[in-house]
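Note that the structure is predicted; figures quoted are calculated from it, not measured. In what follows, every chain begins at residue 1, and chains take the letters A, B, ... in the order their sequences are listed. Every heavy atom of this structure was used, including side-chain atoms; hydrogens, water molecules and symmetry mates were not.
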Amino acid sequence: MEEKWSKESREYFSTELLSWYERSKRDLPWRRHRDPYYIWISEIMLQQTRVDTVIPYFHRFIERFPTISSLAEAPEEDVLKCWEGLGYYSRARNLQAAARQVMERHGGKVPNDKASVSALKGVGPYTTGAILSIAFNQPEPAVDGNVMRVLSRYFFIEEDIMKTGTRALMERLAGSLIPAGRAADFNQALMELGALVCTPKAPQCLTCPVMAHCSARLEGAELRLPVKSKAKPPRPEYRLVALVEGEGERAGRVLVRRRPDTGLLARMWELPHVPAADKPGEGAGVADGSAMNRLAGALAEVGTYVQAAGPFMAAEHIFSHIHWYLRVFRFQEAAALSALAGFAEMAVAEAREAYNEGEQAAEEYRWITAEDMNDLAFPNVFLKILSQYFAEQKVE
DNA sequence: CATCCGTGGTT
DNA sequence: TAACCAAGGAT
């Protein structure tokens with residue numbers, strides 16, 4: 001093994017890092033307990049998500065679902081609502097599915113063997129190591145982005161960290177660095193250093209406890225590591241969104257629908273929307289008429305007849321792989337037309353498939369008030385549109 | 001192995 | 001400001 005990976009270099013690293021962690025570790029909510037359930041929740045929430053973002057969600061979640069059984073028995077709707085705004089919603093659904101696994105297979109206690117932990121839904125290689133080490137102090141590596149950045153710099157590893165093989169290398173190295181009996185603290189120390197000191201763009205080398213033997217630092221290459229292949233930019237998608245106000249019994253209500261069981265924002269609620277015919281022209285509002293016609297037609301095909309009331313707002317939303325450009329239009333339900341159209345049910349059902357253009361059809365539509373939003377989980381982009389709408393209604 | 005899966009903060 | 005990135009996992 002190369003000199004920079006020597007036993008001396010590795011022991012220095014582990015010793016100094018642990019010492020630094022004892023002095024510098026943050027007081028985080030999930031560090032105040034040894035409850036494996038809390039550790040588990042925090043690790044799921046922290047996947048691709050910043051500590052500051054997670055903290056309020058963590059508090060709310062353990063208050064609402066204080067035990068594994070309470071989580072297992074809750075309606076999925078409640079779990080999603082608790083996750084609303086945090087993103088990557090399959091984490092929430094997998095977490096609940098895993099809680100049910102734990103109730104059935106492990107007597108309601110988080111298992112402490114590798115095979116059982118990694119078999120839990122939503123728990124991959126990183127989270128397996130995190131749970132085993134942090135909750136049970138087992139000497140398993142927990143290699144996340146922080147760890148790969150720190151190790152790639154200190155040990156000057158130039159392999160692309162996006163590649164599977166590099167992660168395997170990192171896991172072997174990280175595992176060999178764990179001091180006997182100190183897995184919980186050491187793994188957290190490694191991540192803590194990456195989060196607070198060995199940051200991606202502006203590492204604070206002068207305050208780093210292992211600067212003296214950091215290979216990248218010694219060669220002035222800390223900003224060049226880790227090597228990471230670039231992600232593809234999100235593809236643009238142009239969509240027309242309908243904000244339909246109810247009439248008669250539904251006065252003061254808005255039409256929403258639930259998304260399909262799989263894929264983007266699975267089982268979340270949203271405003272109805274359709275793909276735009278083409279990119280919106282820069283000339284303002286020229287195409288509003290045809291856009292509203294297209295939306296009205298689409299709504300008719302699911303049994304709601306409307307009259308256009310004009311543009312409401314534009315919105316953008318960037319997912320990891322899709323960039324939504326949304327144009328939102330207001331409509332008034334035309335209840336008389338809806339009643340008249342009762343005879344057309346069959347035709348509607350057939351037209352529905354054509355209209356969805358290969359997308360999975362939303363099955364459930366609902367007319368909601370502002371208060372109903374307390375119970376239904378919406379992705380942020382629709383939360384913003386709806387909250388603005390209801391706020392304006394309140395003033396009027 | 002590449003792509004899908006959210007959102008918000010940082011530089 | 002537009003990348004870049006964050007305690008990743010599933011397929």
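OP1 or OP2 of B:dC4 has not a single side-chain nitrogen or oxygen of A:Tyr88 nearer than 4.0 Å. Taking only side-chain nitrogens and oxygens, A:His317 never comes nearer than 4.0 Å to OP1 or OP2 of B:dG6. Taking side-chain N and O atoms only, A:Lys230 has no distance below 4.0 Å to OP1 or OP2 of C:dA3. Using a 4.0 Å cut-off, no side-chain N or O of A:Lys201 falls inside it from OP1 or OP2 of B:dG9. Within the structure, every side-chain polar atom (N or O) of A:Ser90 is placed at least 4.0 Å from both OP1 and OP2 of C:dG9.
Distance from the side chain of A:Lys163 is smallest for B:dC1 among the nucleotides B:dC4, B:dC1, C:dG9.
Residue A:Pro233 is out of contact with every strand shown, counting any heavy-atom pair closer than 4.0 Å. If you check every strand for non-hydrogen atoms under 4.0 Å, A:Thr199 touches nothing. Backbone-only engagement by A:Val123 is indicated by non-hydrogen atom pairs under 4.0 Å involving sugar-phosphate atoms exclusively. When heavy atoms are screened at a 4.0 angstrom cut-off, A:Gly85 is found touching the sugar-phosphate backbone but no base atom.
Using bins of under 30°, 30° to 60° and over 60° for the plane-to-plane angle, the ring pair A:Phe155/A:Trp5 lands in the perpendicular bin. Note: A:Phe378 and A:Trp269 have tilted aromatic rings, judged against thresholds of 30 and 60 degrees for the angle between ring planes.
Judged by distance alone, the side chains of A:Gln96 and A:Trp83 never bring a donor and an acceptor atom under 3.5 Å apart.
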- Task: Dump the intermediate steps for salt bridge (Lys or Arg N to Asp or Glu O under 4.0 Å) on A:Arg330 and A:Glu245, then the final yes or no.
- Result: CA-CA 8 Å; A:Arg330 278 174 74 160; A:Glu245 306 166 300; 2.7 Å; yes
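Taking A:Trp367 as the reference, nothing meets the ring-ring contact (aromatic ring centres under 6.0 Å, His included) condition, with sequence neighbours excluded.
For the contact set between residues 23-58 of chain A and DNA chain B, defined by any heavy atom under 4.0 Å, the members are A:Gln48, A:Thr49, A:Arg50. A heavy-atom distance below 4.0 Å to DNA chain B is reached by none of the residues of residues 91-102 of chain A.
For the pair A:Met45/A:Phe61, a side-chain contact is recorded, criterion being any heavy-atom separation below 4.5 Å from C-beta on. Residues A:Leu95 and A:Val79 have side chains not in contact (no heavy-atom distance under 4.5 Å, counting atoms from C-beta outward).
Residue-to-nucleotide contacts include a donor-acceptor pair under 3.5 Å from the side chain of A:Ser320 to the base of B:dG6.
By the 4.0 Å N-to-carboxylate-O rule, A:Arg250 lies close enough to A:Glu333 to be salt-bridged with it.
Annotation for A:Glu392: atom CD counts as buried by contact number, over 12 foreign heavy atoms lying within 6.0 Å.
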